Amino acid sequence: MFVHPDEDARTDGGFQGERAVLAGYLRDQRLTLELKCAGLDAEALARRSVEPSNLSLLGLVRHLAGVEQYWFRQVMAGQEIRRHYRSDEDRAGDFTGAVADPAVVADAWATWRAEVAFAEQLVAEAPRLDVTGKGGRDDGPMELREVLIHMIEEYARHNGHADFLRERIDGRVGQ
């Protein structure tokens, strides 16, 4: 167990209303990512899974910062901004740049937290969950509710990866 149940900030559901359900489950998935990475130094966070994969916990944090940025800033808010950690030359920069440097780790967490804060504010201030994004999608507009569901799925999948990565690092398995 990563935390004692009395100290676990995640919920067991119990949300009321569609917005609260979607935002609550997404919040819990975000908290799970933090738990999977808790107590690890830069070297452990940057440790790769197995060759030839470049997957690491730090890479996941950086990747999810970019996912948050894309779906909430670009797709929903219509902001035209440069993507975190990615470039035309290195489309996997979120993973390849995940190196064992405390400054890289601090930047990744700060970036991820800033993107999560932006997303939470956007969701809280949206008049309805059927509002559609203002940009970023080639296949047409997408409703906020679908973005929230996609984000829950994205985190759930990557939290599964994080379970295996953490177990490989120190043998701890998640809850």
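The structure displayed is predicted, hence computed values, not measured ones. Just so it is clear, the values below take in all heavy atoms, side chains as well, and ignore hydrogens, waters and symmetry mates.
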Legend entry - Presence of salt bridge, D170 and R166, under 4.0 angstrom: yes

Legend entry - N-O pairing of E154 and R157 below 4.0 Å: yes

Legend entry - Audit row: E18, R145, salt bridge (charged side-chain N to carboxylate O under 4.0 Å, His left out) steps and yes/no: CA-CA 9 Å; E18 183 182 20; R145 96 174 18 89; 2.7 Å; yes

Inset, instruction - Tell me whether F72 is reachable from L33 by hopping between hydrophobic residues (I, L, V, M, F, W, Y) whose side-chain heavy atoms are closer than 4.5 Å. - result: yes

Under the 3.5 angstrom rule, does the side chain of [X] hit a backbone N or O of [Y] as a donor-acceptor pair?
{"X": "R62", "Y": "A108", "answer": "no"}
{"X": "D41", "Y": "A44", "answer": "yes"}
{"X": "D107", "Y": "A103", "answer": "no"}
{"X": "R83", "Y": "G66", "answer": "yes"}
{"X": "R19", "Y": "A126", "answer": "yes"}
{"X": "S53", "Y": "S49", "answer": "no"}

Taking all non-hydrogen atoms of both residues into account, name the closest pair between [X] and [Y] and its distance.
{"X": "A77", "Y": "F118", "answer": "CB-CZ, 3.9 Å"}
{"X": "H161", "Y": "L55", "answer": "CB-CD2, 4.1 Å"}
{"X": "L122", "Y": "L144", "answer": "CD2-CD1, 4.0 Å"}
{"X": "H84", "Y": "A65", "answer": "CD2-O, 4.1 Å"}
{"X": "P102", "Y": "A42", "answer": "N-CB, 3.8 Å"}
{"X": "A46", "Y": "A100", "answer": "CB-N, 3.5 Å"}

Rounded to the nearest 0.5 Å, what's the gap from [atom1] on [X] to [atom2] on [Y]? Could you check?
{"X": "D101", "Y": "E43", "atom1": "CG", "atom2": "CD", "value": "12.0 Å"}
{"X": "R172", "Y": "K36", "atom1": "CZ", "atom2": "NZ", "value": "10.0 Å"}
{"X": "D94", "Y": "L60", "atom1": "CG", "atom2": "CG", "value": "9.0 Å"}
{"X": "N54", "Y": "R48", "atom1": "CG", "atom2": "CZ", "value": "6.0 Å"}
{"X": "L64", "Y": "W112", "atom1": "CG", "atom2": "CH2", "value": "8.0 Å"}
{"X": "L148", "Y": "M151", "atom1": "CG", "atom2": "CE", "value": "8.5 Å"}

Take atom [atom1] in [X]; do more than 12 heavy atoms of anything else shown fall under 6.0 Å from it?
{"X": "F164", "atom1": "CZ", "answer": "no"}
{"X": "R128", "atom1": "CZ", "answer": "yes"}
{"X": "E153", "atom1": "CD", "answer": "yes"}

Inset, instruction - Check step by step if salt bridge (charged side-chain N to carboxylate O under 4.0 Å, His left out) holds for E34 and R30. - result: CA-CA 7 Å; E34 289 185 289; R30 289 169 173 150; over 6 Å; no

Polar contact flag, side-chain donor to acceptor under 3.5 angstrom, [X]-[Y]:
{"X": "Y85", "Y": "T111", "result": "yes"}
{"X": "H150", "Y": "E146", "result": "no"}
{"X": "E115", "Y": "Y70", "result": "no"}

Please tell me if the side chains of [X] and [Y] come closer than 4.5 Å, counting only heavy atoms from C-beta onward.
{"X": "L31", "Y": "R27", "value": "yes"}
{"X": "Q29", "Y": "N159", "value": "yes"}
{"X": "C37", "Y": "V61", "value": "yes"}

Inset, instruction - Determine, step by step, whether E143 and L129 satisfy the side chain to side chain contact (heavy atoms under 4.5 Å, CB included) criterion, reporting the C-alpha distance in whole Å, the side-chain angles of both residues, the deciding distance to 0.1 Å, and the verdict. - result: CA-CA 7 Å; E143 290 184 354; L129 293 179; over 6 Å; no

Inset, instruction - Determine, stepwise, if the pair K134 / V75 fulfils side chain to side chain contact (heavy atoms under 4.5 Å, CB included). - result: CA-CA 6 Å; K134 299 178 172 99; V75 172; over 6 Å; no

